[in-house]
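Computed over heavy atoms, backbone and side chain alike; hydrogens, waters and symmetry mates excluded.
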Protein chains: 2
Amino acid sequence: MTLPTFFSKNKVILAYGISLAVLLFLLKWLELRFIIFDHAFEIYIGAIAIIFTALGIWLTLKLTKPKVKTIIVEKEIYINSNDAFCLNEKEVAKLGVSKRELEVLQLMAQGFSNGEIAERLFVSLHTIKTHTSNLFEKMDVKRRTQAVEKAKRLSLIA
Amino acid sequence: MTLPTFFSKNKVILAYGISLAVLLFLLKWLELRFIIFDHAFEIYIGAIAIIFTALGIWLTLKLTKPKVKTIIVEKEIYINSNDAFCLNEKEVAKLGVSKRELEVLQLMAQGFSNGEIAERLFVSLHTIKTHTSNLFEKMDVKRRTQAVEKAKRLSLIA
DNA sequence: TCAAAAATCACTCTAAAGTATGAGGGCATT
DNA sequence: AATGCCCTCATACTTTAGAGTGATTTTTGA
């Protein structure tokens with residue numbers, strides 16, 4: 001270890017040593033000036049005790065890593081597994097179902113009639129009928145209820 | 001605050017005070033015995049400084065309360081939906097859905113048409129229509145797709 | 001840029017779904 | 001014996017769903 005790195009690494013200790021020397025000097029000086037006191041010595045000792053106790057406390061607070069008591073509380077959260085819905089893109093691609101058709105399928109599964117779906121998607125009833133017809137063909141089903149059942153089974157919808 | 005509780009609450013501080021007194025006494029005694037030293041005073045001061053610094057450090061280490069850091073770990077518990085299906089009898093009773101109606105509902109959810117359901121249950125199409133109508137009334141829905149959606153939501157069917 | 005795919009709308013018809021009402025038989029409770 | 005509920009069947013009617021065909025406009029990917 002080089003000398004500069006030694007200094008930088010022990011900065012606090014050096015500072016402590018220097019401050020100790022300064023304090024001793026200061027006390028010596030005080031001793032000479034206020035020797036008049038009756039119980040000067042006891043007061044002197046007491047002052048030193050207090051100062052160095054404080055120094056010890058300060059040092060410890062500065063140098064020790066803050067004590068952290070970590071309490072880990074496990075909180076159980078129940079999650080319905082169908083929350084973690086993951087669209088089965090393979091199946092979608094395999095069946096050739098388009099985005100719009102998937103939208104229609106979703107609304108269908110929620111129990112909406114073709115008319116309601118048309119309103120919601122801002123298109124005509126005819127369009128929805130076309131979509132549903134195409135869907136049934138692609139999904140190889142005959143009714144919307146079947147389509148919904150199959151779609152849920154294949155994770156095409158939640 | 002009563003006297004005993006005061007003592008118990010400030011145990012450490014009292015101990016500190018007493019130890020301070022003892023130390024002072026000890027040092028006084030040492031002073032009388034080893035006055036012969038040339039630099040006795042400086043050593044004396046140094047000793048006090050070291051002792052009380054150590055005391056401060058020890059005190060701090062003992063007295064500082066650890067910061068309590070509470071970490072709440074959210075443990076996700078997935079409820080597998082294909083677990084054993086449990087019919088929601090409360091809801092069935094509440095809605096006043098009969099056994100037969102539940103049967104019809106089940107087949108409806110599987111995508112069967114009224115005609116197919118009639119075949120499967122060996123009754124006429126009229127009967128199934130009556131059942132479905134009553135079901136829709138009881139369940140407060142307008143279409144079979146809605147009925148199926150609601151039935152699944154309320155665990156009336158798997 | 002050009003062709004394929006997707007999205008849109010329209011019309012006709014048939015099939016199924018849903019509404020309303022009534023009625024008869026079985027079964028359990030009161 | 002009377003009442004209420006469930007299951008059954010029926011008729012008549014309305015609404016919605018679905019099949020079939022065709023066409024226009026966007027979008028998109030090669």
So [Y] and [X], do their side chains get closer than 4.5 Å, heavy atoms only?
| X | Y | answer |
| --- | --- | --- |
| A:His126 | A:Lys129 | no |
| B:Phe136 | B:Arg143 | no |
| A:Val123 | A:His131 | no |
| B:Leu121 | B:Leu107 | yes |

Do you know which two heavy atoms are closest between [X] and [Y], and how far apart they sit?
| X | Y | result |
| --- | --- | --- |
| B:Leu156 | B:Met139 | CD2-CE, 4.2 Å |
| A:Thr145 | B:Arg144 | CG2-CD, 3.7 Å |
| B:Lys142 | B:Gln146 | N-OE1, 3.0 Å |

Legend entry - Terminal helix-axis angle for the helix from C:dT1-D:dA30 to C:dT30-D:dA1, with five pairs defining each axis and rounding to 10 degrees: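 Rounded value for the end-axis angle: 60°.
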Whole-Å distance between [N] [atom2] and [X] [atom1]?
| X | N | atom1 | atom2 | value |
| --- | --- | --- | --- | --- |
| B:Gln146 | D:dT16 | CD | P | 12 Å |
| B:His131 | C:dT19 | NE2 | C1' | 17 Å |
| A:Leu121 | C:dT8 | CG | P | 8 Å |
| A:Asn134 | C:dA7 | CG | C1' | 10 Å |
| B:Lys129 | D:dT15 | NZ | P | 14 Å |
| B:Phe122 | D:dC9 | CZ | C1' | 17 Å |
| A:Leu105 | C:dA6 | CG | C1' | 17 Å |
| B:Glu137 | C:dA17 | CD | P | 20 Å |

Legend entry - Nearest-nucleotide comparison on DNA chain D, the residue closer to the 5′ end among A:Arg144 and B:Thr127: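 Residue closer to the 5' terminus by nearest nucleotide: B:Thr127.
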So which nucleotide from [options] ends up closest to the side chain of [X]?
| X | options | result |
| --- | --- | --- |
| B:Arg143 | D:dA17, C:dC9, C:dA17 | D:dA17 |
| A:Ser113 | C:dA17, C:dT19, D:dT16 | D:dT16 |
| B:Lys99 | C:dT19, C:dA7, D:dC7 | D:dC7 |

Respond yes when some side-chain nitrogen or oxygen of [X] is under 4.0 Å from OP1 or OP2 of [N], and no when none is.
| X | N | answer |
| --- | --- | --- |
| A:Ser133 | D:dA19 | yes |
| B:Asn114 | C:dA16 | no |
| A:His126 | C:dT8 | no |
| A:Ser98 | C:dA7 | yes |
| B:Arg100 | D:dT8 | yes |

Legend entry - Partner of A:Thr132 by side-chain contact (heavy atoms from CB on, under 4.5 Å), out of A:Leu105, A:Thr127, A:Asn114, A:Ile117: A:Asn114
Legend entry - A:Lys138 vs B:Gly115, nearer the 5' end of DNA chain C by closest nucleotide: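 It is A:Lys138 whose nearest nucleotide is closer to the 5' end.
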Inset, instruction - Would you kindly check whether a donor in the side chain of A:Thr130 faces an acceptor in the base of C:dC9, or vice versa, at under 3.5 angstrom? - result: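 Counting by modelled atom types and ignoring angles, a donor-acceptor contact under 3.5 Å is found here.
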